[in-house]
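Note that the numbering runs from 1 along the sequence shown for the chain.
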Amino acid sequence: MNTDIPATSQLRTNEAELIKSVCDGKREAFYELLQPYERMVYATAMSIVKNPADAEEVAQEAVLKAFANLASFRAESKFSTWMLQITYNEAKMKLRKARSHLYESLDDQQQTDEGDYYPRDFADWRPIPCEVLEESETRQAIQNAIASLSPCYREVLILRDLQNLSIKETMTILGLSKATVKTRLHRARLLLRDSLAPGIDGSWIKGQDYRKVRSW
């Protein structure tokens, strides 16, 4: 029996009440509505602009835009999905204004002009011991590998594996088809695996001395 359905229903009911309160003039209710998603908003912005200061600015702009347009929110989607879609659009707009196209792809044949980030669980890597992931060297290697992904792969990876959003929510935020989301996610996981694999039994960069990253 799935116990998540009642919990999800209750959450959406509570959010609907908070949205009504904000629209009725109780502005303080907006923070209560937003608070569970603050980290997700910042993480989504950071995954695209790759700069803490810019991510903070994007997050603030997204929050202000969400507050100003809350009355137009339609409960057909979850508030979190709507909020992240605004954040995504704001981050993309900032990139366009700054003309930031400095990202280098791990896959030379698949280079595009989009965003960035890091996952939580990807394909065959789930057996990785939690204590090992806490080691700064390993964590940095993973972050570097994700930061090297083409934006189109990074964005899907972030939303699905880090934010734990559903395929449908990811489709809505990125404006992609279901097939495209699945294809890009699969490709992103493979690229990440291939990028990290040399750290197991070879050097990170061809020609350099072997440097073991994983301790198991």
Side-chain angles (χ1 to χ4, degrees), residues 22 27-70 72-73 78-107 110-122 133-165 169-170 172-176 184-185 188 191-192 195-196 204-205 213:
V22 176
R27 302 177 64 176
E28 65 278 6
F30 184 71
Y31 176 73
E32 188 178 346
L33 175 67
L34 179 68
Q35 195 272 332
Y37 311 114
E38 284 183 318
R39 289 187 179 182
M40 292 177 71
V41 167
Y42 177 79
T44 299
M46 184 65 180
S47 73
I48 298 170
V49 298
K50 287 191 66 181
N51 177 292
D54 287 344
E56 186 69 32
E57 185 178 331
V58 166
Q60 291 176 1
E61 288 297 323
V63 168
L64 289 173
K65 183 164 287 188
F67 178 76
N69 294 280
L70 191 60
S72 66
F73 170 68
K78 294 196 295 187
F79 173 76
S80 58
T81 303
W82 182 72
M83 185 69 239
L84 292 183
Q85 188 171 23
I86 292 174
T87 305
Y88 175 81
N89 290 337
E90 285 296 310
K92 284 294 188 179
M93 188 181 303
K94 187 166 188 65
L95 279 186
R96 284 195 293 270
K97 288 179 179 177
R99 298 182 180 277
S100 299
H101 300 297
L102 305 176
Y103 305 115
E104 180 179 352
S105 173
L106 286 172
D107 179 14
Q110 298 284 345
Q111 187 129 12
T112 60
D113 303 336
E114 298 175 70
D116 286 39
Y117 219 71
Y118 6 116
R120 190 180 201 170
D121 64 294
F122 23 84
L133 287 177
E134 292 302 317
E135 296 177 6
S136 61
E137 190 170 306
T138 301
R139 186 168 59 248
Q140 187 61 53
I142 293 173
Q143 291 180 358
N144 289 344
I146 296 169
S148 297
L149 290 172
S150 279
C152 64
Y153 298 131
R154 235 180 355 245
E155 292 166 2
V156 173
L157 188 71
I158 300 278
L159 295 176
R160 288 287 287 126
D161 285 343
L162 181 69
Q163 308 287 23
N164 290 318
L165 299 186
E169 290 170 328
T170 303
T172 300
I173 292 169
L174 300 180
L176 301 173
R184 290 188 182 182
L185 180 62
L191 287 169
L192 192 65
S195 175
L196 293 171
W204 285 103
I205 300 174
V213 171

- Would you name the heavy atoms of Val49 and Ala91 that are closest together and state the gap between them? CG1-O, 4.0 Å
- Can you list the residues that meet the side-chain contact (heavy atoms from CB on, under 4.5 Å) rule with Gln35, with sequence neighbours excluded? Tyr31, Glu38
- Note on the structure: In short, Phe67 meets Arg27 closest at the heavy-atom pair CZ-NE, 3.5 Å
- Hey, could you give me the CG/OG distance between Leu191 and Ser148, rounded to the nearest 0.5 Å? 10.5 Å
- Item | Any side-chain donor near an acceptor of the partner, Thr172 and Gln85, under 3.5 Å | no
- Glu61: partners by salt bridge (charged side-chain N to carboxylate O under 4.0 Å, His left out), with sequence neighbours left out: none
- Message: Nearest 0.5 angstrom please: Met83 CE to Thr44 OG1, how far?
- Response: 9.5 Å
- Message: Between Leu159 and Glu169, is there a side-chain heavy-atom distance shorter than 4.5 Å?
- Response: no
- Apply side-chain hydrogen bond (donor to acceptor under 3.5 Å, both in side chains) to Asn51 and list each qualifying residue two or more places apart in sequence or on a separate chain. none
- Message: Tell me the closest heavy-atom pair linking Tyr42 and Pro52, and the distance in Å.
- Response: OH-CA, 3.5 Å
- Task: List the steps and the verdict of side-chain contact (heavy atoms from CB on, under 4.5 Å) for Glu155 and Lys92.
- Result: CA-CA 11 Å; Glu155 292 166 2; Lys92 284 294 188 179; 2.8 Å; yes
- In this structure, OG of Ser195 is separated from CG of Leu149 (nearest 0.5 Å) by 7.5 Å
- Item | Derivation of the side-chain contact (heavy atoms from CB on, under 4.5 Å) call for Ile173 and Leu165 | CA-CA 10 Å; Ile173 292 169; Leu165 299 186; 3.5 Å; yes
- Heavy-atom nearest pair, Ala45 first then Val58, reads CB-CG1, 3.6 Å
- Specify the closest pair of heavy atoms between Ala43 and Gln163, including all atoms of both residues, with the distance to one decimal. CB-NE2, 3.5 Å
- Residues that Ala59 engages under side-chain contact (heavy atoms from CB on, under 4.5 Å), provided they are two or more places apart: Val41
- Look up atom CZ in Arg39 and atom CG in Leu162, then write down how far apart they are to the nearest 0.5 Å. 11.5 Å
- Task: Hey, could you give me the OG/CG distance between Ser80 and Leu34, rounded to the nearest 0.5 Å?
- Result: 11.0 Å
- Classify the angle between the aromatic ring planes of Tyr37 and Phe79 as parallel (below 30°), tilted (30 to 60°) or perpendicular (above 60°). tilted
- Test side-chain contact (heavy atoms from CB on, under 4.5 Å) applied to Asn69 - qualifying residues, sequence neighbours left out: Lys65, Ser72, Trp82
- For Glu57, check side-chain hydrogen bond (donor to acceptor under 3.5 Å, both in side chains) against everything at least two apart and list the hits. Lys94
- Message: I need the minimum non-hydrogen distance between Thr87 and Ala62, along with the two atoms involved.
- Response: OG1-CB, 3.6 Å
- Note on the structure: dist Leu185:CG -> Leu176:CG (nearest 0.5 Å) comes out at 11.5 Å
